[in-house]
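I have placed the structure first, in the form of C-alpha cells, so that the comments after it can refer back to it.
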Amino acid sequence: MRSRGSQNRLSGYSSFGSRVSALMLAMLATMSTIYVAGRLWQDAENRAYLMEQLEKRTTQGQSAASVDDTLKIIECREQRKKLSSLEMQLSAAKQESFVTKRLPGNGRKQPTKKVLAVIGIMTTFGRKKNRNAIRKAWMPTDTAMKTLADQKGITVRFVIGKSANRGDSLDKEIETESSQTDDFIILDNQVEAPEEKAKKIKSFFIYAVDKWDAEFYLKANDDVYVNVDALGGVLTSYLDKPRVYIGCMKSGEVFSDPTHQWHEPDWWKFGDGRSYFRHASSDVYVISKALAQFISINRHILRTYAHDDVSTGSWFIGLDVMHVDERSFCCSSSSTGALCAAV
C-alpha cells in the first residue's frame, strides 16, 4: 500500500504537469494568434497598397492589368507564335498544289492568271545610265511591261530606298524618273546606302510578297542582263518545289581584316576555318513564295551580315530548303550561260 505522503506527492506532480500543459497550450495559442494577426495585417497592408496603386493608375488614365489579363496576354503571344507556324505550313501546302483548289459554287472567283515571278533590280542613286541600258536591253517599258506580266506572269521593277536626307535632290530625281517610267519600287522605310544593302534586300522581299502573290521572287543587280524567256523556263521546272533557293552557289573566305574590301565584322561566327556556308551569288538569285513569306513573317529577328548574299543565305540555314546550284545563274562578262550576263 502506498502511504498518504506518496499519494500527496503524486497528486502534486499531476497538478504541476497540468499547469505546465496549460501554460504551453496558452503560449502556443498566443503565438498562433500573433502569427495570424501578423499575416492579416500584412495582407491588409498589401491590399491597401494595391488599391492605392490601382487608384493612381486609374487617375492617370492607365489600365490596370489583373492576373487574368496578364495570363490572357501571355496566351495571346503563344497563339501568335502558333499562328506564324500555321501560316508557314499553309504556305507550304499551297505551294505543293501550286494553285489553291476551290470548291465549285463557293461564291469566290478563281484568279485567271498567276504571277510567276517578281524581279527586283537593285539600283541606287546616280545609276540612271545603267537603268536606261537595262530598259533598252531586256526590261520592257510602257505597254510591253503589262504584256510581259499578262502573258508570261513576270513583273519587273527597279528597287531603291530613300535618301538619308529625306526629300533632297536625290529623292526628287528618283521620284521624277519614276513618274516618267512607272517601273520603280521605292522603299519608304529603307535608307539607300552601301552599308544597308542586306537590309534593303530584306525590305524588297517583304514589300514584294505583300504586293504580289507570285510563285518566285528574284533579286538582280542593275549591271546584269537577264534573259527573261530562259528565266521562265528555269522557274517553271521548280513549280512543284515549295521551298527552293536557286542561284549560282558559292562559299568563299571570311575576311577579318577591317581594311579588306570584303571585311566581315562578324567573322568569328563562321568558325576556325573562316569559310562562308553555301549561298547564292549576289548577281541573280531566286527564292520561292514560302521562303519570301518566311522572311516577311520573321523580319524582326532575321539579322543581316556585311554582304547581302551571305545574309540571304543565312536566313535559310536550318530550314528545310532545297538549294539549287543553277549554273546558268553564274553571270560574268565571259559567261556562256543562257540566263544572264554581267556588263
Side-chain angles (χ1 to χ4, degrees), residues 84 87-96 98 114-122 152-159 185 187 190 197-222 224 226 228 230-251 276-305 307-331 339-340:
S84 296
E87 286 177 341
M88 289 297 299
Q89 295 177 27
L90 176 62
S91 173
K94 288 182 177 180
Q95 284 287 92
E96 292 286 0
F98 179 35
K114 287 287 292 183
V115 178
L116 177 63
V118 174
I119 302 175
I121 306 172
M122 302 298 129
K152 298 185 178 181
I154 296 178
T155 297
V156 189
R157 295 289 188 275
F158 289 108
V159 182
I185 293 174
L187 303 170
Q190 177 61 53
K197 283 184 178 180
K199 293 180 181 178
K200 178 180 173 181
I201 299 298
K202 182 166 66 170
S203 297
F204 160 65
F205 287 132
I206 293 169
Y207 178 94
V209 78
D210 181 64
K211 185 173 178 61
W212 291 283
D213 181 20
E215 296 303 320
F216 300 98
Y217 299 85
L218 182 148
K219 177 263 179 180
N221 290 335
D222 67 356
V224 171
V226 176
V228 177
L231 174 66
V234 171
L235 296 183
T236 52
S237 65
Y238 292 102
L239 284 173
D240 60 338
K241 303 294 189 275
R243 294 172 299 279
V244 65
Y245 173 37
I246 310 171
C248 180
M249 295 294 168
K250 63 176 185 176
S251 183
Y276 286 118
F277 41 76
R278 298 288 284 177
H279 61 277
S281 173
S282 181
D283 290 333
V284 176
Y285 59 82
V286 176
I287 63 174
S288 59
K289 175 167 62 177
L291 298 186
Q293 290 176 332
F294 170 81
I295 293 171
S296 179
I297 293 170
N298 297 282
R299 67 186 74 177
H300 299 299
I301 59 174
L302 294 178
R303 69 145 298 138
T304 55
Y305 292 95
H307 312 300
D308 60 283
D309 52 356
V310 172
S311 298
T312 302
S314 73
W315 300 333
F316 308 138
I317 295 294
L319 301 184
D320 184 13
V321 174
M322 180 179 180
H323 288 61
V324 178
D325 184 15
E326 178 58 61
R327 305 317 292 176
S328 64
F329 278 47
C330 298
C331 309
L339 194 144
C340 66

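Side chains are part of it too, since the values below use all heavy atoms of this structure and drop only hydrogens, waters and symmetry mates. What you see is a predicted model; the values in this text were computed from it and never measured. Quick note: residue numbers are just sequence positions, from 1.
- Taking all atoms of both residues into account, the shortest heavy-atom contact from Asn221 to Ser282 is ND2-O, 3.5 Å.
- Summarising the geometry, atom CG belonging to Leu302 is positioned 11.5 Å from atom CZ belonging to Phe205; distances are rounded to the nearest 0.5 Å.
- The salt bridge (charged side-chain N to carboxylate O under 4.0 Å, His left out) test applied to Lys200 returns Glu192, not counting sequence neighbours.
- Tyr207 and Trp212 have perpendicular rings, their planes meeting at more than 60° on a 0 to 90° scale where under 30° would count as parallel.
- Contact check for Lys289 versus Asp213: side-chain heavy atoms found under the 4.5 Å cut-off.
- Distance SG/Cys340 to CZ/Phe329: 7.5 Å, rounded to 0.5 Å.
- Considering CD1 of Ile121 and CG of Asp222, their distance stands at 8.0 Å, rounded to 0.5 Å.
- Smallest separation of non-hydrogen atoms from Val224 and Cys331: CG1-SG, 4.0 Å.
- Contact detail for Ile206 and Ser296: the closest heavy-atom pair is CG1-CA, 3.9 Å.
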**OP:** I would like to know whether Cys248 and Cys330 meet disulfide bond (SG atoms under 2.5 Å apart); could you show each step before the answer?
**Re:** CA-CA 5 Å; Cys248 180; Cys330 298; 2.0 Å; yes
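- Taking all atoms of both residues into account, the shortest heavy-atom contact from Ala280 to Gly247 is CB-CA, 3.9 Å.
- With a 6.0 Å cutoff to the six-membered ring centre and a 45° limit on the axis angle, Arg243 does not count as a cation-pi contact of Tyr245.
- The shortest non-hydrogen separation linking Phe216 to Leu239 is CE1-CD2, 3.6 Å.
- Put simply, the side chain of Leu231 does not reach to within 4.5 Å of the side chain of Val284, judged on heavy atoms.
- Annotation: side chain of Asp309 is in contact with side chain of Lys250 (closest heavy-atom distance under 4.5 Å).
- In this structure Asp308 satisfies the salt bridge (charged side-chain N to carboxylate O under 4.0 Å, His left out) test together with Lys219, sequence neighbours excluded.
- Side-chain contact check for Leu235 versus Glu215: every heavy-atom pair is 4.5 Å or farther apart.
- When only modelled atom types and interatomic distance are considered, Thr312 and Tyr285 share a side-chain donor-acceptor pair under 3.5 Å.
- Counting only heavy atoms from C-beta outward, the side chains of Trp315 and Thr304 approach each other to under 4.5 Å.
- Separating the CZ atom in Phe158 from the CD1 atom in Ile185 is a distance of 11.5 Å, to the nearest 0.5 Å.
- Qualifying side chain to side chain contact (heavy atoms under 4.5 Å, CB included) partners for Asp210, counting only residues two or more places apart in sequence or in other chains: none.
- Atom CZ of Arg299 sits about 15.0 Å away from atom NZ of Lys199, to the nearest 0.5 Å.
- At distances below 3.5 Å, at least one donor-acceptor pair connects side-chain atoms of Ser314 with backbone N or O atoms of Ser311.
- At least one side-chain heavy atom of Phe316 sits less than 4.5 Å from a side-chain heavy atom of Ile295.
- Met322 contributes atom CE, which lies 12.0 Å from atom CG of Leu291 (distance to the nearest 0.5 angstrom).
- Checked by atom type and distance alone, the side chain of Ser288 pairs as donor or acceptor with a backbone atom of Val244 at under 3.5 Å.
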